[in-house]
Amino acid sequence: MGEATIRDVARRAEVSVASVSRALNGLNNVRGETRERIVAAAAELGYVPHAGARSLSLARAHAIGVVLPDLHGEFFSECVRGMDREASRRGYLLLLSNMHDDSEQAAVALRAMRGRVDGLLVMAPHIPPESLARALPAALPAVLINAPGEIASRPALRLDNRAGALAMVRHLLDGGYRHIVHIAGPEGNVDAQERAQGFRDALAELAPDMPVRIIAGDFNEAAGEAAARQILASGEPCDAVFAANDMMAIGCLHSLRQAGKRVPEDLAVAGFDDVPLARYLALTTIQVRIAEIGARAVSRLIDMLEGHGPGAPIELHAPELIARATTAARTGAAHG
């Protein structure tokens, strides 16, 4: 049997050739149900658009849609910096949008990209997988970053958050710290959940007699400040704070220093991410190479757009402990 044609796809999906063309080019004027039928028919038949037509289609946009939970803060600016560097190198532009904490807003942001971009990069650690799967335009190739769970036929880049948390707890225990408190990220965020679970698992494995103390946070500096005040007011022993991201760790540092506490002599402080500011504050953290992950996501998406396979369904990135002054090892006996 020869290669499938656009007419074969139209026959299989029981639609016109024009509908197939519109659907596979990401245009808006095709009903969602019809589009899904067309995409399924094309996949079953192994239909690949004519190379000339595909290059014309790409010439129309040469743009990548990037949808992030937020555009504020060092983490996201670093991620976009890596994406932009790789996209520019390969001749593509970025079109940015954000979706905050709302599944419905995610759907609106993703729909707005259709017809304007050739593919999507979506970072959605806070959107349930079934909502995200529904919101993703069927005809647009997409690479997911830190999405919760797997979504069929959508390659993903994930961070090994639990391994990072384990490395940090081991580092603090090795440094002589015995009363560690974790400041968690927002509820419903997969990165926050995995880091908190990693903290629990690490204590269960490495220090089973140590109580598990977790304070709720939201990844912002103010939550770190509030957590530090709560720790000091509680009167419970605490000699180390492990925040689920650097911004909360930085807020915590600020509050502790305002209260006259010395870091790390009175309390050690550690974060997660290694945003650029962390180095200047000598903050111990877990480095996730944010810009590199952004660049890698762009590279995978453009490879797909240019006819290469999607590669491994999930690519797991291992973070690395960066020990700095805020968790210097204690001398002599462990403090209470």
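What you see below is based on every heavy atom in this structure, not just the backbone, and it leaves out hydrogens, waters and symmetry mates.
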Going through the checks in order, is the side chain to side chain donor-acceptor pair (under 3.5 Å) test met by Thr285 and Asp274?
CA-CA 6 Å; Thr285 188; Asp274 198 29; 5.2 Å; no

Before giving the answer on side chain to side chain contact (heavy atoms under 4.5 Å, CB included), spell out for Leu203 and Leu206 the whole-Å C-alpha distance, their side-chain angles and the decisive distance to 0.1 Å.
CA-CA 5 Å; Leu203 286 184; Leu206 302 172; over 6 Å; no

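A donor-acceptor pair shorter than 3.5 Å cannot be found between the side chains of Gln193 and Asn189.
Checked for salt-bridge contact, Arg289 and Glu320 meet the test: a charged N lies under 4.0 Å from a carboxylate O. Electrostatic pairing of Arg162 and Asp201 counts as a salt bridge here, judged by a charged N lying under 4.0 Å from a carboxylate O. Classification of Arg158 and Glu315 as a salt-bridged pair fails, no side-chain N sitting under 4.0 Å from a carboxylate O. One finds no salt bridge joining Glu14 and Arg37 here, because no Lys/Arg side-chain nitrogen approaches an Asp/Glu carboxylate oxygen to under 4.0 Å. The pair Asp303-Arg90 meets the salt-bridge criterion, with a side-chain N (NZ, NE, NH1 or NH2) lying under 4.0 Å from an Asp/Glu carboxylate O. The existence of a salt bridge linking Asp84 and Arg81 is excluded, since no basic side-chain nitrogen approaches an acidic carboxylate oxygen closer than 4.0 Å.
Judged by distance alone, with hydrogens and angles left aside, the side-chain atoms of Asn245 form no donor-acceptor pair with the main-chain N or O of Phe272 at under 3.5 Å. No side-chain donor-acceptor contact under 3.5 Å links Asn146 to the backbone of Pro125. Counting only distance, with no hydrogens or angles, the side chain of Glu74 and the backbone of Leu277 share a donor-acceptor pair below 3.5 Å.
Atom CD1 of Ile127 sits about 11.0 Å away from atom CZ of Arg134, to the nearest 0.5 Å. Note: Ser299 OG to Arg89 CZ = 7.0 Å, rounded to the nearest 0.5 Å.
Side-chain contact check for Leu95 versus Ile64: every heavy-atom pair is 4.5 Å or farther apart.
A continuous path of ILVMFWY side-chain contacts below 4.5 Å connects Val241 to Ile214, so both sit in one hydrophobic cluster. Clustering ILVMFWY residues whenever any of their side-chain heavy atoms sit less than 4.5 angstrom apart, transitively, puts Leu157 in the very cluster that holds Leu68.
Checked options Thr284, Thr327, Leu281, Leu253; the residue passing with Val269 is Leu253 (criterion: side chain to side chain contact (heavy atoms under 4.5 Å, CB included)).
For Phe242, the ring pair (Phe, Tyr, Trp, His ring centres under 6.0 Å) partners two or more places apart in sequence, or in a different chain, are His182.
Here the closest heavy-atom approach between residue Val288 and residue Ile293 is recorded as O-CD1, 3.3 Å.
For the pair Arg330 and Tyr177, the NZ or CZ position fails the cation-pi test of under 6.0 Å to the six-membered ring centre and within 45 degrees of the ring normal.
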